[in-house]
Amino acid sequence: MADTVSVTRQDGVAVVWLDNPPVNALGHALRQPLHAMLEKLRADADTAAIVIACKGRTFVAGADISEFGQPPKAPSLPDVIALLESIGKPTVAAIHGNALGGGFELALGCHYRIAAPDARVGLPEVTLGLLPGAGGTVRLPRLVGAREALGVIVSGKPVNAEKALALGAIDAIAEGDLVAEAVSFARARAEGGGPHVPVLKREEKIEAARNDLDAFEETAKAATANARGLTAPLRCTEAVRNAILLEPSQALAREREMFVELRDGEESAALRHLFFAEREAVKVEGVGKDVAARPVRHVGIVGAGTMGGGIAMAFANGGMRVTVLEVGDEALQRGLGQIEKNYAGSVSRGSLSEKDKLARLARIRGTTDYTDMSDCDLIVEAVFEEMGVKRKVFEKLDEVARDGAVLASNTSYLDLDAIAAFTKRPSDVVGLHFFSPAHVMRLLEIVRGERTAPEVLATALSVAKAIGKTPVVVGVCDGFVGNRMLAARREENEALLLEGASPSSVDKAFTDFGWPMGPFQMVDLAGLDISWRHRQSQGLTAPVADSLCELGYFGQKTGRGFYRYDEGARKPVPDPFVEELIEAKSRELGIERRAIGAEEILERTMYPMINEGARILEEGIAARASDIDVVWVNGYGFPRGKGGPMFWARRHGIDKILARLEYWHGVTGKPVYRPARKLVEAAAAASW
Ligand code: T1G
């Protein structure tokens, strides 16, 4: 194994090379030799200046996240940075790729920073439920200002080199050879004689912040407004406030205390679990690095409705050419008009520039002629969820699509193998299940048919990454992973209403758990008529929801559903009429109403969902429990700070869940409570 730390010299400038693939994470294997090298160079009279550079594709992408669950090993990253900062000679970080988290903090420990034009810097710790724990919350405000630093730290978003230079986070952007320019920069500073002021000793921007605390607090309020129950954004804010109000050493000490508290807490454990889970999910059996994805440049979309339009935008946003097909020109124009409206909305909200809007629209064109998709590399069907319609579309696609084109269905629960059988090329057929709104929701369920070819899966995975989706490969069953577990969770919702709960008491139990909204508010948003149609197609009934649908109460879109929505408002208001309707239904069905608490609501909705997840694992519909977590966090709003249903179940105690499922199965006899074999095994193993 090559040395993780080595040094080359150029006229008195020592270049320290870090080499710890794949992303130069600052694990102990790197920290220890780096600390030793810096000690040596500090004492070396022949070294006039130091450049820190990295081999491979990126500068240091952060501390080694996989180390956090283990006992810390000296030297810590703050120790390394403190040593770096004690060196009186000019020190320069030569940044390429990503300098993130501890990597950027290492760069902040240098006097100067030079970046390649396409480099990015950032402090994404908040996305892991952490705060920058190696001085980032104290040093960055000294470089860029407290309010600007707060924005970088609480958003967790990387900043490109141009913006970083404008902010003052870096000193220069290299035009040619990054390291050579960093060496010249370092030598010039050494010959210039200094002083070389460590970032930690620069007080000007801190003074300015001290004199305008109201402005800082205003920024802090806005930055943490959508913390969504997460603690880390609040701690990040507190740490930057400390940088303004406390001595640097005190601020650093408080930062470290809060970092350790967060690192050892549940929220960060959940978010770090998701970090690795999302990367595990793309490792698919039989689809190794040797399986080449087919290039996708031109995508066809069949159907320009809500889903088809959103999917078209998702691909256009990913830089691909898109042809949207509708059978009639009126429907086509309506669909294209909606796409334009969506983009215009993003521009008016400031989340998209006019220039980008025009560029994306230019990539989308409409047609009513299937032959216009004959050169598409990928065609996604997003038509009505009915097998007869799917058959017509796929038979037509089989006729017009070029050899090698990938044919995808956006079906959310129909049998993909049956759809593939409508074609003569079932190995080219895959499911791409987008979540509405398709250009916004990150989750993409890639449905693997029994005959789907490995390179078609590789193509789907590659396309998902290209359009910024988080993919999970799932097997064929009714509802795949997410919707199948949702059905299990939804099954008891009505029973709870009929037995004594109300829509708002159920929804409150969910929002208190951390969901953005409860199931009744959710179905009002999605439209009661959609699930009504699905129930009818399956011969199922739901007494309360069916009664509301028969009255035309479809939710927000009709102003009444489980809640009332005053004139165009979206705020759900409990509706006494619905409460009376529920009580009347209870009486009609001879059900004695009783008080039902939040704990029972949680047990009778979440536990069946987790039990269904266990069945999904048993049947191989999902390859890993963590894949199920990725589905739920990215497609259904499961609170990220709880890591997903299966992670949460493990931390909560699978044996506790098993015991309560057995209890409710005894009380109700309902199959939804019958413990899955896999759940029984996992309860014994305390792990999936
Ligand atoms: N630690 C450990 N492993 C990491 C890692 C990290 N920081 N970053 C990436 N990996 C692994 C990843 O699991 C994958 O492994 C491989 O590297 C390639 O990653 C003290 C406490 C840099 C933008 O949050 O955002 O510093 O699957 O697939 O798409 O204040 O990796 O190949 O086995 O994501 O090209 C802060 C996390 C840490 C940055 C590159 N830093 N990484 O994206 O590759 S906390 C981060 C990323 C911290 C300090 C605090 C991305 C990337 P495998 P990849 P990519």
Side-chain angles (χ1 to χ4, degrees), residues 293-327 331-332 335-336 338-339 360 363-368 370 372-386 389-402 404-414 416 419-420 422-423 425-426 428-449 452-453 456-469 471-474 480 635:
R294 296 174 189 167
V296 174
R297 295 178 192 82
H298 182 192
V299 181
I301 312 284
V302 180
T306 308
M307 287 310 290
I311 296 169
M313 291 174 69
F315 284 106
N317 297 349
M320 294 167 194
R321 192 155 60 86
V322 180
T323 297
V324 184
L325 176 131
E326 263 291 354
V327 285
L332 176 64
L336 295 175
Q338 186 56 50
I339 290 172
R360 292 175 185 189
R363 296 183 195 124
I364 300 174
R365 64 176 192 147
T367 183
T368 56
Y370 268 92
D372 284 341
M373 296 197 294
S374 56
D375 72 335
C376 286
D377 309 304
L378 163 67
I379 302 173
V380 185
E381 161 272 315
V383 298
F384 194 61
E385 282 287 83
E386 200 281 311
V389 179
K390 306 288 190 193
R391 171 193 288 276
K392 284 202 189 79
V393 169
F394 275 84
E395 285 171 350
K396 190 70 182 164
L397 291 180
D398 210 13
E399 266 174 52
V400 303
R402 68 170 181 71
V406 173
L407 307 182
S409 170
N410 173 54
T411 182
S412 52
Y413 59 88
L414 293 175
L416 185 87
I419 291 172
F422 296 148
T423 74
R425 51 177 110 179
D428 287 340
V429 178
V430 70
L432 292 181
H433 178 211
F434 288 84
F435 286 75
S436 186
H439 58 295
V440 174
M441 295 300 281
R442 292 177 65 210
L443 179 63
L444 179 63
E445 278 186 322
I446 297 176
V447 186
R448 176 179 207 164
T452 301
V456 168
L457 280 176
T459 306
L461 287 163
S462 162
V463 153
K465 183 158 185 169
I467 63 175
K469 295 299 179 190
V472 177
V473 175
V474 300
F480 314 128

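What you see is a predicted model; the values in this text were computed from it and never measured.
Here the rule is side chain to side chain contact (heavy atoms under 4.5 Å, CB included) with D377, and of M320, R402, R321 only R402 fits it.
Side-chain contact between D372 and R365: present, with at least one pair of heavy atoms (C-beta onward) separated by less than 4.5 Å. Residues L325 and T368 have side chains not in contact (no heavy-atom distance under 4.5 Å, counting atoms from C-beta outward). At least one side-chain heavy atom of I364 sits under 4.5 Å from a side-chain heavy atom of L336. Under the 4.5 Å side-chain criterion, counting only non-hydrogen atoms from C-beta, F315 is in contact with V463. Using a 4.5 Å cut-off on side-chain heavy atoms (C-beta onward), L443 and V472 make contact. With a 4.5 Å cut-off on side-chain heavy atoms, L407 and F422 do not count as touching. Within the 4.5 Å cutoff, no side-chain heavy atoms of V296 are placed close to those of S462. Counting heavy atoms from C-beta outward, L378 and T459 have side chains that stay 4.5 Å or more apart.
For S409 against F394, the heavy-atom pair with the smallest separation is CB-CZ, 3.8 Å. Across all non-hydrogen atoms, the minimal contact from T452 to V429 is OG1-O, 2.8 Å. Taking all atoms of both residues into account, the shortest heavy-atom contact from C376 to G300 is SG-N, 3.5 Å.
In terms of the salt bridge (charged side-chain N to carboxylate O under 4.0 Å, His left out) criterion, residue partners of R442 (sequence neighbours excluded) are, by chain and number, E278. With sequence neighbours excluded, the residues satisfying salt bridge (charged side-chain N to carboxylate O under 4.0 Å, His left out) with R294 are D428, E455. With sequence neighbours excluded, the residues forming a salt bridge (charged side-chain N to carboxylate O under 4.0 Å, His left out) with K390 are E381, E385, listed by chain and number. F435 pairs by the ring-ring contact (aromatic ring centres under 6.0 Å, His included) definition with H433, Y636, not counting sequence neighbours. By the salt bridge (charged side-chain N to carboxylate O under 4.0 Å, His left out) test, R297 pairs with no residue at all, sequence neighbours left out.
Expressed to the nearest 0.5 Å, how far CD1 of I446 lies from CG of L432 amounts to 6.5 Å. To the nearest 0.5 angstrom, E386 atom CD is 10.5 Å from R391 atom CZ. Atoms CG and CD1, on L414 and I419 in that order, are 5.5 Å from each other to the nearest 0.5 Å. Note that OG1 of T367 and CE of M373 are 8.0 Å apart. Values are rounded to the nearest 0.5 Å. The distance from the NZ atom of K465 to the CG atom of L444 is 14.5 Å, given to the nearest 0.5 Å.
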Name the atoms and distances for all side-chain donor-acceptor pairs under 3.5 Å in residues 304-314, with sequence neighbours left out.
none

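With hydrogens and angles ignored, the 3.5 Å screen pairs no side-chain donor or acceptor of R448 with any backbone N or O of V473. The main-chain N or O of E445 is never found under 3.5 Å from a side-chain atom of K469 such that the two would form a donor-acceptor pair.
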Full working for side chain to side chain contact (heavy atoms under 4.5 Å, CB included) between N317 and I467 = CA-CA 7 Å; N317 297 349; I467 63 175; over 6 Å; no

Might you work through the side chain to side chain contact (heavy atoms under 4.5 Å, CB included) test for T411 and F480, ending with a clear yes or no?
-> CA-CA 10 Å; T411 182; F480 314 128; 4.0 Å; yes

From CA spacing to verdict: side chain to side chain contact (heavy atoms under 4.5 Å, CB included), Y370, V393 = CA-CA 10 Å; Y370 268 92; V393 169; 3.8 Å; yes

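Note on R425 versus D398: salt bridge recorded, some NZ/NE/NH1/NH2 to OD/OE distance being below 4.0 Å.
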